[in-house]
Amino acid sequence: MPEPIIKQVNASKNDCEKTALKRLLSNISREHPHLKLVFNFDDLYSDGPTIKLVKSYGYSFIMVAKDTSHPALYESVDDLDKADKVKRYQYTDEKGHQHWFRFVNDVPINKSHQETLVNYLEYVEIDPKGNKYVNTWVTDIQLTQEKVAKVMRGGRAKWKIENETFNTLKNRAIISNTITGTESSTWRPIWPA
């Protein structure tokens, strides 16, 4: 049930991702009132109003939280870390990948929305060749040593799905603009046989 980002009937402005999200949540809630979901979001969505919106429907979330977008969140976590209130967990898996987690529950998302508390999860993976993957998420799922790896996998799943989709489009389809211009109505996907 994807929600297109298009100019809506009788709208004075173009649509945006956050407005489309409002319609999507409303539609899912109406069509599947008993379905319990965990939504996975980019950094664009990890703000007080969006978190409140998602929670108002009874859904959970895992959202990317970049340091450049959330300086107050990172500062709060660092202050809690100095007070020994942040937990750490690490392990090495059977393939030799080192996994390191830093996490804390009930931190304000930002200074503007002090009442919007999130659970912060920082993750670092180092493979046997020394390649490093780093990401940070906020969630409403209570974080414990037993749950951090599951939440991390949930957070990484969005990237995997997006990456595979883009690779499929790039490698299996040729997007051709048949008429010069930027109107999306002139674009046609051409699928190889």
Side-chain angles (χ1 to χ4, degrees), residues 2 5 16-18 21 37-55 59-114 116-173 175:
I5 301 172
C16 70
E17 291 178 53
K18 288 192 176 185
L21 174 64
L37 297 172
V38 177
F39 284 87
N40 202 331
F41 294 100
D42 278 335
D43 182 69
L44 167 70
Y45 297 93
S46 54
D47 58 40
T50 303
I51 290 170
K52 289 175 189 172
L53 175 68
V54 172
K55 297 296 293 171
Y59 300 133
S60 288
F61 61 87
I62 301 171
M63 300 175 171
V64 172
K66 296 180 180 176
D67 59 345
T68 53
S69 306
H70 297 83
L73 172 68
Y74 279 70
E75 183 179 323
S76 294
V77 170
D78 287 341
D79 289 345
L80 289 168
D81 201 6
K82 290 173 189 167
D84 289 329
K85 295 185 179 180
V86 174
K87 296 179 180 171
R88 288 177 167 70
Y89 171 61
Q90 65 184 47
Y91 70 93
T92 302
D93 65 24
E94 64 281 350
K95 295 182 180 178
H97 293 245
Q98 297 173 17
H99 304 270
W100 178 87
F101 303 87
R102 182 171 83 136
F103 60 99
V104 63
N105 294 304
D106 300 323
V107 183
I109 186 67
N110 56 35
K111 289 182 180 176
S112 302
H113 297 278
Q114 292 280 329
T116 305
L117 301 179
V118 295
N119 305 322
Y120 172 96
L121 174 59
E122 185 177 341
Y123 172 68
V124 178
E125 176 184 357
I126 302 173
D127 71 17
K129 295 181 181 178
N131 298 315
K132 186 186 282 190
Y133 171 83
V134 179
N135 210 333
T136 303
W137 300 275
V138 293
T139 182
D140 62 332
I141 299 167
Q142 194 73 13
L143 297 174
T144 64
Q145 182 174 316
E146 294 76 28
K147 289 184 184 176
V148 291
K150 289 180 182 177
V151 172
M152 172 273 294
R153 284 193 294 273
R156 290 187 77 173
K158 183 190 71 59
W159 175 87
K160 183 175 175 21
I161 292 166
E162 284 180 354
N163 193 45
E164 288 175 357
T165 301
F166 293 139
N167 281 336
T168 299
L169 290 173
K170 182 175 80 175
N171 296 325
R172 292 193 154 267
I175 306 300

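Here the CG atom belonging to Asp93 is positioned 7.5 Å from the NZ atom belonging to Lys95, to the nearest 0.5 angstrom. Between atom CD1 of residue Ile109 and atom OH of residue Tyr120 there is a gap of 11.0 Å, rounded to the nearest 0.5 Å. Once rounded to the nearest 0.5 Å, the distance linking CG of Leu53 with CZ of Phe39 reads 9.5 Å. Between the CG atom in Asp67 and the CG atom in Asp78 there is a gap of 10.0 Å [rounded to 0.5 Å]. For the atom pair NZ of Lys147 and CD of Gln142, the computed distance is 7.0 Å after rounding to the nearest 0.5 Å. Of the inter-residue distances, the one linking Thr50 atom OG1 with Met63 atom CE reads 6.0 Å to the nearest 0.5 angstrom.
The aromatic ring centroids of Phe61 and Tyr59 lie 6.0 Å or more from each other.
For the pair Arg156 and Tyr133, the cation sits on the ring face: its NZ or CZ lies under 6.0 Å from the ring centre, inside 45° of the axis.
Under a cut-off of 6.0 angstrom, the local environment of NZ in Lys150 is sparse, with at most 12 non-hydrogen atoms contributed by other residues, nucleotides or ligands. Enclosure of atom NZ in Lys111 is not indicated, since only 12 or fewer non-hydrogen atoms of other residues, nucleotides or ligands lie within 6.0 angstrom. The local environment of NZ in Lys85 is sparse, with at most 12 non-hydrogen atoms from other residues, nucleotides or ligands closer than 6.0 Å.
Just one residue in the list Gln98, His97, Lys132 forms a side chain to side chain donor-acceptor pair (under 3.5 Å) with Glu125, and that residue is His97. None of Val86, Asn119, Val151, Val148 except one satisfies the side chain to side chain contact (heavy atoms under 4.5 Å, CB included) rule with Phe103; the exception is Val148.
The nearest pair of heavy atoms linking Trp137 to Gly155 is NE1-CA, 3.5 Å. Among all heavy-atom pairs drawn from Ala65 and Ser46, the shortest one is CA-OG, 4.2 Å. Here the shortest heavy-atom pairing between Val104 and Val107 reads CG1-CG2, 3.5 Å. When all heavy atoms are compared, the tightest approach of Met152 to Leu121 is N-CD2, 3.9 Å. In plain terms, the two heavy atoms of Ala72 and Asn110 that are nearest each other are CB-CA, 4.3 Å.
Counting only heavy atoms from C-beta outward, the side chains of Asp47 and His113 never approach each other to under 4.5 Å. Using a 4.5 Å heavy-atom cutoff, the side chains of Asp81 and Arg88 are in contact. Phe41 places a side-chain heavy atom less than 4.5 Å from the side chain of Val54. At least one side-chain heavy atom of Leu117 sits under 4.5 Å from a side-chain heavy atom of Pro108.
Side chain to side chain, Tyr74 and Thr136 meet the donor-acceptor criterion of an N or O pair below 3.5 Å. Side-chain atoms of Asp140 and Ser60 form a donor-acceptor pair, as typed in the model, at a separation below 3.5 Å.
Taking the charged nitrogens against the carboxylate oxygens, Asp42 and Lys66 have no contact shorter than 4.0 Å, which rules out a salt bridge.
A distance-only check finds a donor-acceptor pair linking the side chain of Asn105 to the backbone of Leu143 [under 3.5 Å].
Below 30°, between 30° and 60°, or above 60°: for Phe101 and His99 the angle between ring planes is below 30°, a parallel geometry.
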